[in-house]
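Inspection log for the structure reproduced underneath, given as structure tokens.
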Amino acid sequence: MKNDIALIQKKIGVAPDGIVGPVTVQALKKALGLPGATLPTWPTQNEVRRGTSIFGAPGDEYNLVSLAPPYPLLYEGKTVRTIRVHRLIATHVQDALREILAHYGQDEIERLGLNLYGGSYNYRSTTSGRALSMHAWGIALDFSPAANAYGTRAPRATLSHPDCEHWWQIWESHGAVSLGRCCNRDWMHLQFARL
């Protein structure tokens, strides 16, 4: 069965791992011409910072909503009841977290540190201080910050390990971008804006 799935994955252009995850489902939808076959296309960071994107102005309270995560997240050792994100990404964040819980289960989430939350909305500059962070719009989230800090590169960054591949595939199926996967830095960070 797993070999059959891997063969199908190969035909539709997905890494053949024999597991039907969100990336495989998305590719199948596209191959079959089904609705929902395209990934969301988010604006670029530059469009967001220019104020010409669908995300509007940074720090706009009207655009921010609070979500209750489907599994317990810990921020500096304390349980987080809600996370604040931009209303336009809220469904994607909630769905991604549910898919992560369904795929990994609570024990594996804890083992991998996927429950260690580093924050979402925060009106602040980037680490370099040259521009506003995507967090200022509520369109970025950080996870497992201690093990995946800005300067930590693969393979030291825990979110770069193979057992986190499905974590990234799930986020990417919602159009999120990983700075770690794109630039091998800031592995904790994912955002709903293209580079």
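Predicted model only: the values in this text are computed from it and were never measured. The figures here come from the full heavy-atom set of this structure, side chains too, leaving out hydrogens, waters and symmetry mates.
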Show the nearest heavy-atom pair for residues [X] and [Y], with the distance to one decimal.
| X | Y | result |
| --- | --- | --- |
| L114 | L73 | O-CD2, 4.1 Å |
| P69 | L97 | CB-CD1, 4.4 Å |
| P58 | L132 | CG-CD1, 3.7 Å |
| Q94 | P70 | OE1-CD, 3.6 Å |
| A193 | V177 | O-CG2, 3.6 Å |
| G59 | Y121 | CA-OH, 3.4 Å |

Looking at [Y], is its backbone amide N or carbonyl O close enough to the side chain of [X] to form a donor-acceptor pair, meaning the two atoms are under 3.5 Å apart?
| X | Y | answer |
| --- | --- | --- |
| S53 | P43 | no |
| H86 | L88 | yes |
| S120 | V85 | no |
| Y123 | D60 | no |
| H161 | P155 | yes |
| E110 | D107 | no |

How long is the gap from [atom1] on [X] to [atom2] on [Y], to the nearest 0.5 Å?
| X | Y | atom1 | atom2 | answer |
| --- | --- | --- | --- | --- |
| R87 | S66 | CZ | OG | 14.5 Å |
| L116 | E76 | CG | CD | 11.5 Å |
| E99 | W171 | CD | CH2 | 9.5 Å |
| I170 | E165 | CD1 | CD | 10.5 Å |
| H103 | I100 | NE2 | CD1 | 9.5 Å |
| L190 | E172 | CG | CD | 9.5 Å |

Is the closest side-chain donor-acceptor distance between [X] and [Y] under 3.5 Å?
| X | Y | answer |
| --- | --- | --- |
| R153 | N184 | no |
| S144 | N148 | yes |
| H135 | Q191 | no |
| N122 | S133 | no |

Just to verify, what does P145 make a side chain to side chain contact (heavy atoms under 4.5 Å, CB included) with, not counting sequence neighbours? M188
Do [X] and [Y] belong to the same hydrophobic cluster, where Ile, Leu, Val, Met, Phe, Trp and Tyr are linked whenever their side-chain heavy atoms lie under 4.5 Å apart, directly or via other members?
| X | Y | value |
| --- | --- | --- |
| I139 | L179 | no |
| I83 | Y75 | yes |
| L141 | Y150 | no |

Carefully, step by step, assess S178 and D186 under the rule side chain to side chain contact (heavy atoms under 4.5 Å, CB included). CA-CA 8 Å; S178 159; D186 208 3; over 6 Å; no
Find out whether [X] and [Y] are in side-chain contact, i.e. whether some heavy atom of one side chain is under 4.5 Å from a heavy atom of the other.
| X | Y | result |
| --- | --- | --- |
| W137 | F192 | no |
| L67 | T82 | no |
| L159 | L112 | no |
| T152 | W187 | no |
| Q45 | R194 | no |

For atom CZ of R81, decide whether the heavy atoms of other residues, nucleotides or ligands shown that lie under 6.0 angstrom number more than 12. no
For R124, I'd like to know if atom CZ has over 12 heavy atoms of other residues, nucleotides or ligands within 6.0 Å. yes
Derivation of the side chain to side chain contact (heavy atoms under 4.5 Å, CB included) call for L64 and E61: CA-CA 5 Å; L64 299 171; E61 289 291 326; 4.2 Å; yes
Just to verify, what does D163 make a side chain to side chain donor-acceptor pair (under 3.5 Å) with, not counting sequence neighbours? R111
Between W42 and F55, does the ring centre distance come in under 6.0 Å? yes
Qualifying residues under ring-ring contact (aromatic ring centres under 6.0 Å, His included), relative to Y117, sequence neighbours excluded: F143
